[in-house]
Amino acid sequence: MDPIVYVSLGAALAAGIAGAASSFGVGIAGAAAAGAVAEDEKNFKNALILEGLPMTQSIYGLITLFLILMVSGILGGGFKFKNPNDIDNIIKSAILLGAGLTVGLTGLSAIPQGIISAAGIGAVAKNPKTFTQGIIFAAMAETMAIFGLVGALIMIVTGVGF
Amino acid sequence: MEVTAVTGILDTTLALIFTWVGYKTTRILWKYTPYSYPNARIMAMEARLFSEQKFNELAESKTLNNFVINLEDSDYRDYLANLPSYDAESIDRALDKALAGIYSLMFKILPKRVNPFFRLLLQEWDVRNIASAVKAKIRGEPAVNYITDLGTMPQKVKAIADSKSMEEILVILEGTEYEEIYQKLLLGEIGVDEFETQLYKMHYSKLLEYAESRKDEEKVILKEFVRLRIDKLNILTILRAKAHGLKAELIKPSLIPGGTLNRKTIDTLLNVEDLGMALAELDSTKYGEIIRNVREEAERDLSVLDRELERYIRQRLRELTRFYPLSVAVPLNFLLQKEAEVKKLKAIAKLIEDGIPPERIKEIVGELT
């Protein structure tokens with residue numbers, strides 16, 4: 001494959017996988033929120049906050065997409081790794097693909113986060129005092145996505161540079 | 001390294017990663033997504049289950065009119081709204097309807113891959129009603145006193161209770177799965193006790209078969225639930241038989257296969273001399289602890305053990321709910337709690353109608369907890 005394909009794939013996968021995972025996560029938690037609110041409207045506020053947690057992975061994906069497009073020159077200039085026969089270009093574009101993949105795959109944590117949020121919404125509906133604990137449990141899944149983003153930033157900065 | 005080799009490694013790695021991630025993600029979504037809406041809704045309903053304080057308030061109602069008023073802010077309001085009269089029987093039927101409403105709701109909101117189980121659970125009320133009505137008919141008692149409005153065929157059950165002859169019941173049961181067993185009873189091939197046992201055996205084999213056909217944790221939870229219920233029925237059958245001094249060969253045909261108690265334990269239980277020894281034999285099983293706590297009372301009155309075993313099943317379901325918050329354990333646990341709540345409400349209504357003082361009602365209802 002050409003370097004342009006790897007770079008584009010990296011950017012697309014970062015935003016695409018993380019975005020899809022977020023939508024699944026929010027979907028699972030959203031269904032639980034609807035169930036809790038159907039029985040008692042007072043659950044709305046707590047359910048809304050828990051439902052929103054799996055959205056952050058899509059933001060990390062979007063940040064990575066912009067970074068990849070910027071460092072490769074696709075955004076704001078000519079593409080820097082045009083020559084497919086230059087091994088350096090292949091390696092740099094592979095690094096960008098890896099960075100995108102890291103954020104995309106760790107962004108999949110949005111799905112289990114949605115599951116945890118759904119369970120948390122159920123727990124809060126039964127006992128509102130468990131709200132803080134529910135947030136903490138769901139936030140645990142967020143750490144993987146943060147690690148992914150940090151890893152991707154290191155890869156981009158040290159492997160390719162601005 | 002050649003450029004083509006590098007790109008080849010990258011492409012293969014990508015393909016492998018995506019296949020694995022796609023498979024895992026699909027499985028996770030398939031497993032948990034269908035439970036997120038119903039389980040959150042059920043847990044919100046659990047928050048409205050009555051506390052001990054609420055039962056005490058209801059026990060102090062003094063009249064059935066006040067009892068109904070005290071239930072106005074609850075889920076039972078709609079079912080109690082248009083009662084023709086405030087007597088224990090009408091309230092009883094209204095509460096049965098409320099419970100039937102819960103079963104219907106479970107059937108409606110739970111994932112399709114598991115909701116037939118709740119229909120099967122509702123059929124247990126058909127089995128109870130048919131067995132009770134037929135037994136009452138044979139004894140020459142009014143069958144209508146022994147049936148409830150719960151089940152999948154309340155009209156047929158009512159028709160059985162109102163029937164003039166045993167042959168008429170066969171016509172009513174025609175086309176149902178109970179027809180063949182009833183025919184055997186009518187032809188004198190089996191007695192009324194065996195008729196009841198065969199109904200339960202058929203019902204529990206269907207429940208077990210369904211549980212076995214599920215996958216992963218659904219299978220684990222449903223199987224454990226059904227097997228615990230079978231254990232409860234078998235233990236009580238053996239102990240009641242032992243209390244009446246029946247021999248092993250008479251008890252054995254009444255047992256339902258499929259419980260968690262092993263063959264050796266059941267054989268030993270069947271062959272012990274009396275109730276005391278049977279209770280001692282159960283000491284080494286998982287029910288040992290609960291039996292030890294109520295052994296003396298149970299020797300006098302087996303309904304104590306009935307309640308304890310029911311409580312044990314509820315406790316086990318609660319544990320499963322904690323392990324699997326997005327699973328079928330949550331609706332099952334709720335259903336058991338709701339059944340217990342309805343049972344207590346019916347008891348309170350009956351005791352109020354009988355003019356029992358509130359303090360005594362609280363004691364009796366406390367024992368039911």
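Below, chains carry the letters A, B, ... as their sequence lines are ordered, and counting in each starts from 1.
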Review point. Does the side chain of B:Tyr103 come under 3.5 Å of the side chain of B:Glu339 through a donor N or O and an acceptor N or O?
Key: yes

Review point. Would you say A:Tyr6 and A:Leu96 make side-chain contact, with heavy atoms under 4.5 Å?
Key: no

Point to revise | Test item: side-chain donor near acceptor, A:Glu51 and A:Ser117, under 3.5 Å | key: no

Revision key, fill the gap. The reported gap from OG in A:Ser72 to CD1 in A:Ile95 (rounded to nearest 0.5 angstrom) is 13.0 Å

Review point. Ion pair present between B:Arg316 and B:Glu319, side-chain N to carboxylate O less than 4.0 angstrom?
Key: yes

Review point. Which of residues 36-51 of chain B get closer than 4.5 angstrom to chain A, counting heavy atoms alone?
Key: B:Ser36, B:Tyr37, B:Ala40, B:Arg41, B:Met43, B:Ala44, B:Met45, B:Glu46, B:Ala47, B:Arg48

Study note, to complete from the structure: Honestly, the part of A:Ile28 sitting under 4.5 Å from a heavy atom of chain B is both

Exercise for review: Salt-bridge test for B:Lys31 and B:Glu218: reply yes if a basic N is under 4.0 Å from a carboxylate O, no otherwise.
Suggested key: no

Check your understanding: Would you find a donor on one side and an acceptor on the other, under 3.5 Å apart, between the side chain of B:Lys54 and the backbone of B:Asn70?
Key -> yes

Point to revise | Contacting moiety of A:Asn43, where chain B heavy atoms sit under 4.5 Å | key: side chain

Point to revise | Contacting region of A:Leu97 [heavy-atom separation from chain B under 4.5 Å] | key: side chain

**Study point:** Donor-acceptor side-chain pairing of B:Tyr86 and B:Asn66 below 3.5 angstrom
**Key:** no

Review point. B:Thr25 versus chain A, heavy atoms under 4.5 Å apart: side chain, backbone, both or neither?
Key: side chain

Review point. Between B:Glu341 and B:Tyr76, does any side-chain donor sit less than 3.5 Å from a side-chain acceptor?
Key: yes

Study note, to complete from the structure: Okay, B:Leu14 and chain A: the region with an atom under 4.5 Å from a heavy atom over there is side chain

**Study point:** Under 4.5 Å from a heavy atom of chain A, the part of B:Phe334 involved
**Key:** neither

**Study point:** Contact winner vs chain B - A:Ala31, A:Ala118, A:Ala125, heavy-atom pairs under 4.5 Å
**Key:** A:Ala31

Review point. If you tally heavy-atom pairs under 4.5 Å against chain B, which of A:Leu9, A:Ile90, A:Ile121, A:Ile115 wins?
Key: A:Ile115

Point to revise | Reported CD1-to-CG distance for the pair A:Ile116 and A:Leu50, which is rounded to 0.5 angstrom | key: 11.0 Å

